[in-house]
Amino acid sequence: MNRFVLAASAALLASTSAVNAQVTEEDIANDQANTAQVVTNGMGRDLQRYSPLDMLNRDNVKNLVPAWAFSLGGEKQRGQEAQPIIYDGVMYVTGSYSRLFAIDVKTGQELWQYDARLPEGILPCCDVINRGAAIYGDNVYFGTLDARLVALDRKTGDVVWRKKMEDYKAGYSYTAAPMIVDGKVIVGNSGGEFGVVGAVYAYDAENGDLVWKRPVIEGHMGELNGEPSTMTGTLNATWPGDMWKTGGGATWLGGSYDADTDTIVMGAGNPAPWNSHLRNAGTPTEGNTGDNLYAASRIGLDPATGEIKWHFQTTPREGWDFDGVNEVVAFTDRTGNKRFGTADRNGFFYVLNREDGAFVDAYPFVQNISWAEGIDENGRPIYVEENRPGNPAAAADGDKGETIFAVPSFLGGKNWMPISFSQRTGDFYIPSNEWGMDIWNEPITYKKGAAYLGAGFTIKPLFEDYIGSLKAMDPESGEVKWEFKNGAPLWAGVMTTAGGLVFTGTPEGVFYALDDESGEVLWQFQTGSGIVGQPVTWEQDGEQYVSIMSGWGGAVPLWGGEVAKKVSYLNQGGMLWTFRLPKELASVQ
Ligand code: CA
């Protein structure tokens, strides 16, 4: 028996002896290749959201049928943005208001439910959502809206440990899916609109002890094993005065992990407050660039210590709420280069070098971008200065700066909803939105637990017939190969498969399978409420399955201005749908 066969039979043994099995680092590292389970957010820690399964494909997807549906129940609905986790016959899914459900993956029957008792006065900025769980050892992990991290026994739902990350009364909350790296639970925080300080945290998966913490705003001190470690950046190199103390940069979307370079990659949100003139008067003081590091940046971290290896700032001295949190996807391009791809809120898709995060190229992925003419050879925006919201201090009455119309809107060319990279086509699939906003600045002072914006705004559509736009983009040329337009803004994740399919859903409730080469609709299903969740696929008993959450909500109805009015007819919900391609229909064309 050669080594390959040995390895293959060991893998088979591992997958068939799942009874009482523990989820290992190896299971997590091999999540993309092992199609019988989904044990990570992103279907692999590089967040490609690509499945090598091709049982379900362009020829037979029309035969995909519902297998079961599961209601999240309760009087409270709102946005359902979670990605399911599937392991050992159980599906784990989180719901609005910090709930976690364990469901029999074959029947759709509930096994147990954990309902976090949330205190009065939580401060979620952008709906009471949760984006999913993580699984490791015997536990399943998720974060709650009162900024706590919870470990539950995956068999019983009993609390194993529960840790307070930060003070919810100061505006901290938690919504992302945690990520497991080498036995540590890696999480970020939410609350950039309240002047919190963004940070990345690594907790021991077994006992919940904080191993390290890395604030992402310069001047703040990191922690390692209960001791102060190193300062982030250089105090006051890019921030004036004391503004860094409430500097924002919330790491609210969680991160990815590149195994090739052993690097955790996190994004940091907008600097606080939104009024950029308070953080940078336009003429940086001596020795101070005014860029407000590391807000609106991607950051590479050492998983062992939390030290920063590299950073890339997408929007220096950011002033439009272009959070830099968007997911960074590790991929290998057609020429064999190891790259990162990331679609920013600011409307540009960036390609970075995986070794050091260095800038390679950038392309616009939405139309009519107004705040920058483009990205220069160093990766820095070429600003259109007239498109920066005006300084209130320069206004005649001093209480409202000049209003400008900026594209994209503050909800971004792309918001949180994850992109997908297809290994089959070599292209990225980007759920984007074509919209702009009136925005102006106002004076503001920091007050604990109060919104810290110093800005007003109204989002407006750019075109009459659509806002949402799913685009297939070549990461080597920036060419948009096809575009799928949608009336309402897109707010759901995307998944690609070796079967040549692109899955995503719309606020109108439709779950779609598109052709990855043409964008043609091959299959669709009305789920009954708006889709703002993230699809997954897996193999079970020789058949391919697909799941998606349905339940309209998220930031658009709360913050969408004229767009929110346009989509106010959409109904809330809370349903987890699972579809299957029956064996007997796999070859029926
Ligand atoms: Ca923000």
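First listed ligand is number 1; within each ligand, the first listed atom is number 1.
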Look at atom NZ of Lys566 and say whether more than 12 heavy atoms of other residues, nucleotides or ligands are closer to it than 6.0 Å. yes
Any chance the rings of Tyr452 and Trp274 have centres within less than 6.0 Å? no
The salt bridge (Lys or Arg N to Asp or Glu O under 4.0 Å) partners of Asp115 (sequence neighbours excluded) come to none
Is it true that Lys164 and Asp146 have a side-chain N and a carboxylate O under 4.0 angstrom from each other? no
May I ask you to decide whether Arg78 forms a salt bridge with Asp127, counting only side-chain N to carboxylate O separations under 4.0 Å? yes
Ring centers of Trp212, Tyr201 separated by less than 6.0 Å: no
What protein N/O/S atoms are found closer than 3.0 Å to the Ca ion (ligand 1)? Glu193 OE2, Asn270 OD1, Asp321 OD1, Asp323 OD1, Asp323 OD2
